[in-house]
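In what follows, a structure is listed as structure tokens, so that the remarks can point back to it.
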Protein chains: 2
Amino acid sequence: MTQLTKNQDLVLGALKRSEAPLSAYVILDKLRDHGFRAPLQVYRALEKLIEMGLVHRLESLNAFVACAHSGESCCSHHGTVAFAICNACGHVMEFHDHTVEHRLSDWARGKGFKQEKTTIEIRGLCATCAAA
Amino acid sequence: MTQLTKNQDLVLGALKRSEAPLSAYVILDKLRDHGFRAPLQVYRALEKLIEMGLVHRLESLNAFVACAHSGESCCSHHGTVAFAICNACGHVMEFHDHTVEHRLSDWARGKGFKQEKTTIEIRGLCATCAAA
DNA sequence: TTTGTTGTGTTATGCTATAACGTGTGCCAT
DNA sequence: ATGGCACACGTTATAGCATAACACAACAAA
Ligand SMILES: [Zn+2]
Ligand SMILES: [Zn+2]
Ligand SMILES: [Zn+2]
Ligand SMILES: [Zn+2]
């Protein structure tokens, strides 16, 4: 794992401090005091952080979260990961399901489809918000 | 199934004629000759078509496809559906996997998460493009 | 020193989506 | 019939997300 640059560190910090996913523009606003002036500064940092697996992009939200892959997973590291996203409070749960992952890659293999990246996002209400 | 309005029919027609998913703005351009002038005309039609299950939104693409649910599915109609999207030619395969669907809803139930909509999208290369 | 790579900053632009307001039409209860 | 309502439609403006293009600085390898 290579060292983070200053901008990458700032962006990752902002995501880690947040309870909910952040859009690139929200990150930009949070970092204006640290010298950020343009969206590209954020997007460039995000691009690298995602490559490193430290951040995930939530496609259904156009937003980003710090990886919550607590290291206690069954597999050594990120294969396909899934997210449950609360529409009410914004809270995100990241999880891995071996069965789902294999089932999808079996389907792909069967079709000759060369899998590059898989998105799994469940939108709904978390237990807390569903109760309320 | 209620009758489609003129705009809904035009939008659905554009999607059906297309090999690849279309963004709302591409649809708009295709329909200018039919009197479309503003994005909202497209978005409003898409909203209804998606409600009716005739169109799907591809979250990782910010684009839309006509439903390819050929009626020959195991379940009577749409539960959770998955897509394989070719990054090279844009071709989309829509499919349903019972095991994946149940596995995810079991996870949700276990967490008390109330599932509303689930997105599953595999990006990669279709067999044709992978061979080339 | 030269060269290539990587991170950075800035400006401008393009793409995606919705807010707010107004119009017209069909339908139904009064 | 007439008022009221629901709904599709149309228009303008604006908000939100993402990248192109260019320039510069730091640093390491050749
Ligand atoms: Zn992760
Ligand atoms: Zn919640
Ligand atoms: Zn479908
Ligand atoms: Zn292809």
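Fair warning: this is a prediction, and the values are worked out from it, not measured in the lab. Convention: sequence-line order gives letters A, B, ...; per-chain numbering from 1. Just so it is clear, the values below take in all heavy atoms, side chains as well, and ignore hydrogens, waters and symmetry mates.
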So T5(A) and K48(A), side chain to side chain contact (heavy atoms under 4.5 Å, CB included) or not? Walk me through it. CA-CA 10 Å; T5(A) 69; K48(A) 297 298 182 184; over 6 Å; no
Shortest non-hydrogen separation from R37(A) to R32(A) and the atoms involved: O-NH1, 3.7 Å
Of the options L46(B), V11(B), L49(B), which is the one that meets L54(B) in a side-chain contact (heavy atoms from CB on, under 4.5 Å)? L49(B)
Which pair of non-hydrogen atoms, one from K117(A) and one from T119(A), has the smallest distance, and what is that distance? NZ-OG1, 3.9 Å
For the residue pair P21(B) and G90(B), what are the closest heavy atoms and their distance? CD-O, 3.1 Å
Pair up each side-chain donor or acceptor in residues 58-65 of chain A with any protein partner under 3.5 Å, not counting sequence neighbours, and list the distances.
residue : atom : partner : partner atom : Å
E59(A)  : OE1  : R57(A)  : NE           : 3.1
S60(A)  : OG   : E121(A) : OE1          : 2.6
S60(A)  : OG   : R123(A) : NH1          : 3.1
N62(A)  : OD1  : R57(A)  : NH2          : 3.0

Under the side chain to side chain contact (heavy atoms under 4.5 Å, CB included) rule, collect the residues that match up with A130(B), sequence neighbours excluded. K114(A), L125(B)
Contact boundaries of DNA chain D with chain A (under 4.0 Å, heavy atoms), 5' to 3'? dC17(D) to dA21(D)
How large an angle, rounded to 10°, do the end axes of the helix from dT1(C)-dA30(D) to dT30(C)-dA1(D) enclose when each is built from five base pairs? 20°
For L104(B), the hydrophobic cluster (side chain heavy atoms closer than 4.5 Å, chained through members) also holds M93(A), F95(A), V100(A), L104(A), W107(A), F113(A), I120(A), I122(A), M93(B), F95(B), V100(B), W107(B), F113(B), I120(B), I122(B)
List for me each residue that meets salt bridge (charged side-chain N to carboxylate O under 4.0 Å, His left out) alongside R109(B), sequence neighbours excluded, and say none if there are none. D106(B)
When the side chains of residues 12-19 of chain A are checked against the rest of the protein, which donor-acceptor pairs come out under 3.5 Å, sequence neighbours left out?
residue : atom : partner : partner atom : Å
R17(A)  : NH1  : G13(A)  : O            : 3.4
S18(A)  : OG   : A20(A)  : N            : 3.2
S18(A)  : OG   : A20(A)  : O            : 2.4

Check: E94(B) side chain, A68(B) main-chain N or O, donor-acceptor pair, under 3.5 Å: yes
Salt bridge present between D9(A) and K6(A) (N-O < 4.0 angstrom): no
Along DNA chain D (nearest heavy atom to each residue), the more 5'-positioned of N62(B) and Q8(B): Q8(B)
For Q115(B), enumerate each residue passing the side chain to side chain donor-acceptor pair (under 3.5 Å) test, keeping only those at least two apart in sequence or located in another chain. T118(B)
Summary of ring pair (Phe, Tyr, Trp, His ring centres under 6.0 Å) pairs that have at least one residue in residues 6-53 of chain B, sequence neighbours excluded: none
Can a donor-acceptor pair be found, under 3.5 Å and without considering hydrogens, that links the side chain of H96(A) to the backbone of T80(A)? yes
Using a 4.0 Å cut-off on heavy atoms, which residues in residues 14-43 of chain B reach DNA chain D? List them by number, or say none. R37(B), A38(B), L40(B), Q41(B)
Please identify the 5'-most and 3'-most nucleotides of DNA chain C with any atom under 4.0 angstrom from a heavy atom of chain A. dG7(C) to dT11(C)
By a strict heavy-atom criterion of less than 4.0 Å, which residues belonging to residues 44-51 of chain B are in contact with DNA chain D? R44(B), K48(B)
